[in-house]
Amino acid sequence: MFEDLQEKLEKTLKKITGQGRLSEANISDTLREIRRVLLDADVNYKVAKQFIDDVKVKAVGQEVLTSITPGQLITKIIYDELTRLMGGSGAELQLNPSGPTIILLVGLQGSGKTTFSAKLAKYLMARSRKVLLTAADVYRPAAREQLKILGGQIGAPVFTIDDSKDAVKIATQSVDYAKNNGLNTVIIDTAGRLHVDDELMDEVVQIKNAVNPTEILFVVDSMTGQDAVNSARAFHDKVDFNGVVLTKLDGDARGGCALSIKAVVEKPIKFVSLGEKLDSLEVFYPERMASRILGKGDIISLVEKAQAQVDEKEAEELEKKILANKFDFEDFLKQIRMIKKMGSLKSLMSMIPGIGSAVKNMDIDDKQLVKVESIIQSMTRQERKNPKILNGSRRMRIAKGSGNSIQEVNRLIKQFGEMQKMMKMLGSKGNKNFLGNIKNIRFN
Amino acid sequence: MFNKIKEALKKTSEKFINTLTEVVTGKAVLDEDKIEMLETIMLQSDFGAEITDSMIDTIRKDMKSEKIRDVETLVLTAKGVLKDSLITDRNKAFEGENLPHVILIVGVNGVGKTTTLGKLANKMISEGKKVLIVAGDTFRAAANEQLEIWAKRSGAVIFSNYSKDPASVIFDALEKTKTEKFDYVLIDTAGRLHNKKNLMEELAKVKNVIKKQIPSAPHDILLIIDANNGQNALRQAEEFNSLLDLTGFIVTKLDGTARGGIIFNICSRYKIPIKYIGVGEGTDDLLKFNQEEFIDSFFEEILKK
């Protein structure tokens, strides 16, 4: 996400680094380039203009300390300004302490509301909420079917009235249904609508008035261009949403609309959605996104994501084993399973600073993990513990058993050997708490 | 020497005549505001910084050389530039010379592929054609149910099989065209982001499978572009075109306030025509692309003031 914007800003910043001091002239060059970067990233032209003006005022007025380079200074100014524009700090989903929490999803056609509603349901169910999905899109053919299928996939009940054209009635009855069935969270999926369609905008207002939602989320496609400000403003004026959801961030869109919307309606981005898998949902952290745009990477996200999924004890044991140089195929298998739990390998790697842009064009196939897993599973316990005994006939058996070629088995064993060597080095250098070190990294 | 004087005189007289015309006709005087207005219109319509900046450069140059002196000429020049960017070498409408005419619909998620396909089927059937719809999106939940409803609305024949992968569904569907006569075959595909290599390869496979059944097909491969999308649409066109050799675009959701200006940059790069525009969710809300009208729509505002 935001990769291109990040790359471009990095490029313009490199140009200014090493020029001694900020001068009016070298700033104006960079700022012009940043304007272009922002426009190419779909930041609204007015927001971009304001951004450039603000940065200019701040940059020119400031003294350059001898201890920092001009590049560092302007990075900080741009970073601060980007962070400010995107909301300052993260915003959590509001929950209703008494009675059911009702979340209403609104947005244009094709922004990804239905997919997001299932993702949000899964996310909340993992946090012990009892969720009801409400299919209130009565216009798009088979929209209700779609939500029913998605609900089935994640094990969430779905409420709708099949032949009804009355979205307000469906929404209202679903809340009663939730109350009567001990469900404390209702996610209402509504039809996509254009903000200039008065009739449909009135419908969504009626739904709002009827169910009195705890949260109203405006779902927006991260590929959206300049018009994002118009639709966001119109939806905001009509239903006064609390937060924004940015979808399809697994694409290569620069996502400048996130900045624009934030600037125009002053509402936080609460979630980002990145993929068609129902667990590819993340909370939005503006500071991290600003860091990311400036090429610092999103290592804090990465660490937190890992922490949520990896059992602390397992990690400790792993660390011990690495230090004692006893890391075997059994541990490797565990690691693979952790990575799989955390989401796609590529999205994980793209969050590491310095790797982000390198990974962009690489074709990382998550199927490779499945393959590796199958090879290790075909090994006996003894072989996993002590890979040295893997001779030709054992390798042949493993290849056959796992349905892979002998070459693939050989390659894995060789790579594993190299990994063990690397870990040995890590252990001997006394990097005892290297996982802990990563956790403590902070920016600025 | 003589020529130079003649040239100078000509220029002077031209200038004089123009000034006179301006006084007599009351044509708007061109000032910096109008240029800024043009820039704003282009930027907020998603033309992108590249095209906008080069347009403004052209206009300024023409003003310096006095080719442009009033708003009308300014608009005419701008329209000319845009018109040129839409020139293509393959501006053919769907023609039924190879029957059935097979059309493959592709695009990123949520741009309106299925809806557009439904409207396209409706249009063809209202023209008395026999249409087969193939539900090639076997990924998205209820995608085939959505198409079935569209098929019912238009009276098209539909082929779907949710338990198979898209390539085999399409292969089986085209088998049907060997015994039954169809004028058009419309193939829907799952939405996919253009940076997903595996999913894009699946599309290449789909194209090959179509060729296996009907060597001259697909006769059209249409990329659906959401007018709400900004500069990323350029990346979409780039990736889908390099993989599939597109024959046309359909720009959807033009009934909102988004203008889809990025399409000019796309068309000028790839010389691929816009075939239709989508203007709503009704069965008839698909219009043949009208270049003049589309271009004119961007300049109403600037001419008003």
Side-chain angles (χ1 to χ4, degrees), chain A residues 4 35-42 44-46 48 108-112 114-115 118 139-150 152-153 192 194-197 221-231 234 247-248 250-257 275-276 360-361 363 365-367, chain B residues 39-40 42-50 52-53 108-115 118 139-150 152-153 190-199 226-236 239 252-253 255-262 280-281:
Chain A
D4 293 338
R35 168 192 172 265
R36 183 73 173 257
V37 166
L38 295 174
L39 288 175
D40 284 350
D42 291 323
N44 179 267
Y45 74 102
K46 277 187 202 158
L108 300 177
Q109 288 92 343
S111 53
T114 307
T115 304
Y139 304 102
R140 182 163 58 93
R144 282 173 270 202
E145 287 306 309
Q146 187 183 351
L147 196 63
K148 278 184 203 165
I149 293 169
L150 293 175
Q153 285 173 9
L194 284 171
H195 51 288
V196 289
D197 188 330
D221 184 335
S222 59
M223 291 180 275
T224 307
Q226 296 287 321
D227 203 52
V229 294
N230 295 329
S231 51
T247 63
K248 307 180 203 172
D250 50 327
D252 58 3
R254 297 173 195 169
C257 64
E276 289 186 88
K360 200 185 123 192
N361 297 316
D363 192 25
D365 191 355
D366 285 320
K367 280 184 194 148
Chain B
E39 186 184 26
T40 302
M42 289 183 75
L43 286 179
Q44 74 185 2
S45 306
D46 289 312
F47 278 80
E50 188 191 345
T52 305
D53 290 352
V108 298
N109 312 64
V111 289
K113 284 177 297 302
T114 307
T115 305
F139 179 79
R140 182 164 60 92
N144 60 344
E145 281 92 337
Q146 188 180 349
L147 259 187
E148 263 160 34
I149 294 169
W150 274 105
K152 215 178 273 170
R153 279 181 191 168
R192 65 202 74 218
L193 294 173
H194 49 281
N195 61 338
K196 300 274 158 99
K197 214 164 182 183
N198 295 342
L199 293 178
D226 183 338
N228 286 295
N229 277 195
Q231 303 306 301
N232 191 254
L234 201 58
R235 297 273 309 119
Q236 295 165 24
E239 295 295 332
T252 59
K253 309 186 198 175
D255 47 332
T257 48
R259 313 294 294 275
I262 184 64
E281 288 182 283

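Each chain gets a letter, A, B and so on, in the order the sequences are listed, and its residues count up from 1. This is a predicted model, so every value here is computed, not measured.
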query = CE/A/M223 to CG/B/L193 distance, rounded to the nearest 0.5 angstrom?
reply = 5.0 Å
Flag, side chain of B/N228 to backbone of A/T224, donor-acceptor distance under 3.5 Å = no
message = As a quick check of understanding, evaluate side chain to side chain contact (heavy atoms under 4.5 Å, CB included) for A/K248 and B/V108, giving each step before the final call.
response = CA-CA 10 Å; A/K248 307 180 203 172; B/V108 298; 6.0 Å; no
ask   = Looking only at side chains, do B/D226 and A/Q109 share a donor and an acceptor under 3.5 Å apart?
value = no
query = Side chain of A/D197, backbone of B/G256: donor and acceptor closer than 3.5 Å?
reply = no
ask   = Heavy-atom distance under 4.5 Å between the side chains of A/R36 and B/E50, does that happen here?
value = yes
key: Distance in Å, B/Q231 CD paired with A/L39 CG, rounded so as to fall on 0.5 Å steps   = 8.0 Å
query = What distance do A/Y139 atom OH and B/E281 atom CD have between them, rounded to the nearest 0.5 Å?
reply = 10.0 Å
ask   = How far does CD1 of B/I262 sit from CG of A/D42, to the nearest 0.5 angstrom?
value = 8.0 Å
inquiry  = As an exercise: rank A/K46, A/R35, A/Q153, A/R144 by heavy-atom pairs under 4.5 Å with chain B and give me the winner.
reply    = A/R35
request  = Answer with side chain, backbone, both or neither: which region of B/D53 has an atom nearer than 4.5 Å to a non-hydrogen atom of chain A?
outcome  = side chain
message = Between A/D227 and B/K253, does any side-chain N to carboxylate O distance fall below 4.0 Å?
response = no
request  = Please state whether the side chain, the backbone, both or neither of B/R153 comes within less than 4.5 Å of a heavy atom of chain A.
outcome  = side chain
inquiry  = I'd like to verify something: which residue of B/Q236, B/Q146, B/E145 has the highest number of heavy-atom pairs under 4.5 Å with chain A?
reply    = B/Q146
request  = Measure the spacing between CD of A/Q226 and OG1 of B/T257 and express it to the nearest 0.5 Å.
outcome  = 12.0 Å
remark   = Honestly, the part of A/L147 sitting under 4.5 Å from a heavy atom of chain B is neither
message = Could you tell me if the side chain of A/D250 sits less than 4.5 Å from the side chain of B/K196, heavy atoms only?
response = yes
